[in-house]
Amino acid sequence: MQLKPLPQDSQDKLKADRINKEAFPPWERNSLDDLYGSDSPEKLDMLGIYDDADMITGFLMVRIYENIRYLAYLAVSRERRSEGIGSSALQLLRERYDTAQIVVEFETPDDSLPDNALRLRRRDFYLRNGFYETGWYSFYDDTEFTIACSQRNFDKDGFEKFIGYLGTIIIDHIPHPYRK
């Protein structure tokens, strides 16, 4: 398995569009073209996840700011889920950004919600793959998210600077960290 840049004009990008549509509900999904256009190439890493046969099986979208790498999207093709592809992709991502802090958000588990089992699976996926809960949360799109990162000590100041930058390029899905 490998991560490779996913050019906007490639045939594999069309496959990633399909994966994007099946992986995210409409209220959480942005088109890949909108994501490509949301920032400069040096601040946005769109990566295809390729299997050993060099077939695209998913994609990652990472926003880059100073020492923060914000994992905004991770999607694996429906027919290839539960094969360890997401875990392998996260390991490769950690190797790619070995000196940076990767930050991700996932829906906070809540026993009162009908999708809590899915929320627990997502949380456990990230924790199993070397991410740490930071004790910080954010709320947008009527959903509370847990902020996790790839290092034991969360660079809250760096993440706050990233959020300030993010607010200059997009208008929605902006984290506003808080503690409970």
Side-chain angles (χ1 to χ4, degrees), residues 16 18-32 34-35 38 45-47 49 57-65 68-94 97 100-167 169-180:
R18 180 185 54 79
I19 294 168
N20 188 38
K21 287 179 184 168
E22 70 185 28
F24 299 102
W27 61 89
E28 287 183 16
R29 181 185 330 129
N30 287 298
S31 78
L32 296 186
D34 286 348
L35 294 173
S38 70
D45 214 356
M46 188 71 76
L47 301 167
I49 305 168
T57 61
F59 70 92
L60 301 157
M61 194 280 269
V62 179
R63 293 196 179 274
I64 300 168
Y65 185 79
I68 298 294
R69 301 298 179 267
Y70 181 72
L71 177 57
Y73 286 89
L74 165 59
V76 174
S77 172
R78 180 180 295 131
E79 60 268 8
R80 299 296 303 271
R81 291 183 192 151
S82 299
E83 294 181 22
I85 292 169
S87 293
S88 294
L90 283 179
Q91 178 59 38
L92 291 169
L93 194 68
R94 290 172 57 100
Y97 301 129
Q101 184 164 101
I102 303 169
V103 179
V104 67
E105 296 175 287
F106 50 82
E107 298 94 337
T108 301
D110 182 337
D111 289 336
S112 70
L113 296 174
D115 69 343
N116 194 50
L118 177 60
R119 290 169 178 244
L120 288 167
R121 279 198 320 270
R122 286 183 181 147
R123 179 201 63 195
D124 294 348
F125 168 75
Y126 285 106
L127 298 181
R128 184 173 61 247
N129 284 289
F131 284 77
Y132 303 92
E133 292 184 75
T134 64
W136 291 90
Y137 301 86
S138 63
F139 190 89
Y140 52 89
D141 294 340
D142 297 324
T143 304
E144 183 178 65
F145 293 88
T146 299
I147 300 171
C149 68
S150 60
Q151 297 170 356
R152 288 191 188 277
N153 295 315
F154 179 45
D155 181 3
K156 171 76 167 43
D157 292 337
F159 189 62
E160 288 282 356
K161 289 179 189 176
F162 163 73
I163 291 169
Y165 168 74
L166 189 61
I169 60 169
I170 62 173
I171 59 170
D172 59 356
H173 308 292
I174 306 293
H176 298 286
Y178 60 88
R179 285 195 184 271
K180 291 185 181 183

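- A distance of 12.5 Å separates CD1 of Ile85 from CG of Leu90, quoted to the nearest 0.5 Å.
- Heavy atoms only, all atoms of each residue included: Arg94 and Ile102 are closest at CA-CD1, 3.8 Å.
- Atom CZ of Arg179 sits about 5.0 Å away from atom CH2 of Trp136, to the nearest 0.5 Å.
- Residues Gln151 and Ala100 approach most closely at NE2-O, 3.2 Å, considering heavy atoms.
- Nearest heavy-atom pair, Ile19 versus Ser77, reported as atom, atom and distance to 0.1 Å: CG2-N, 3.8 Å.
- Counting only N and O atoms by type, the side chains of Thr108 and Thr146 include a donor and acceptor under 3.5 Å apart.
- Between Arg63 and Leu35, the shortest heavy-atom distance links the atoms NH2-CD2, 4.1 Å.
- Arg122 meets the salt bridge (Lys or Arg N to Asp or Glu O under 4.0 Å) test with Glu107; sequence neighbours excluded.
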Residue pair Phe106, Phe125: steps toward the ring-ring contact (aromatic ring centres under 6.0 Å, His included) verdict: CA-CA 10 Å; Phe106 50 82; Phe125 168 75; 9.8 Å; no
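- The line from CG of Leu74 to CE of Met61 is 12.0 Å long, rounded to the nearest 0.5 Å.
- Side-chain atoms of Asp155 and Asp157, non-hydrogen and from C-beta on, do get closer than 4.5 Å to each other.
- Judged by distance alone, with hydrogens and angles left aside, the side-chain atoms of Arg152 form no donor-acceptor pair with the main-chain N or O of Tyr132 at under 3.5 Å.
- In terms of heavy atoms, Val76 sits closest to Glu22 at O-OE2, 4.3 Å.
- No more than 12 heavy atoms of other residues, nucleotides or ligands sit less than 6.0 Å from atom CG of Asn153.
- Here the straight-line distance linking atom OH of Tyr126 with atom CZ of Phe131 works out to 7.0 Å at 0.5 Å rounding.
- The line from CD1 of Ile147 to CD of Glu133 is 11.0 Å long, rounded to the nearest 0.5 Å.
- A cation-pi contact, defined as under 6.0 Å to the ring centre and within 45° of the axis, links Lys180 to Tyr137.
- Side chain of Thr57 to main chain of Ile49: a donor-acceptor pair is present (N/O by atom type, distance under 3.5 Å, no hydrogens or angles).
- In this structure, the side chains of Val103 and Thr134 stay at 4.5 Å or more apart for every pair of heavy atoms.
- Side-chain contact check for Glu105 and Tyr70: at least one donor-acceptor pair (N or O, by modelled atom type) lies under 3.5 Å.
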Intermediate values then yes/no, salt bridge (charged side-chain N to carboxylate O under 4.0 Å, His left out), Asp115 and Arg119: CA-CA 6 Å; Asp115 69 343; Arg119 290 169 178 244; 2.8 Å; yes
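- The aromatic rings of Tyr140 and Phe145 sit parallel to each other, their planes meeting at less than 30°, with 60° as the upper class boundary.
- Considering only residues two or more places apart in sequence or on other chains, Asp45 meets the salt bridge (Lys or Arg N to Asp or Glu O under 4.0 Å) condition with Arg96.
- At most 12 non-hydrogen atoms from other residues, nucleotides or ligands lie less than 6.0 angstrom from NZ of Lys21.
- Ring geometry for Phe154 versus Phe159: interplanar angle of 30 to 60°, hence tilted.
- The two atoms that bring Ser38 and Ile170 nearest to each other are CB-CG2, 4.1 Å, heavy atoms only.
- Considering only residues two or more places apart in sequence or on other chains, Asp111 meets the side-chain hydrogen bond (donor to acceptor under 3.5 Å, both in side chains) condition with Asn116.
- Here Tyr165 contributes atom OH and Ile64 contributes atom CD1; the two are 10.0 Å apart, rounded to the nearest 0.5 Å.
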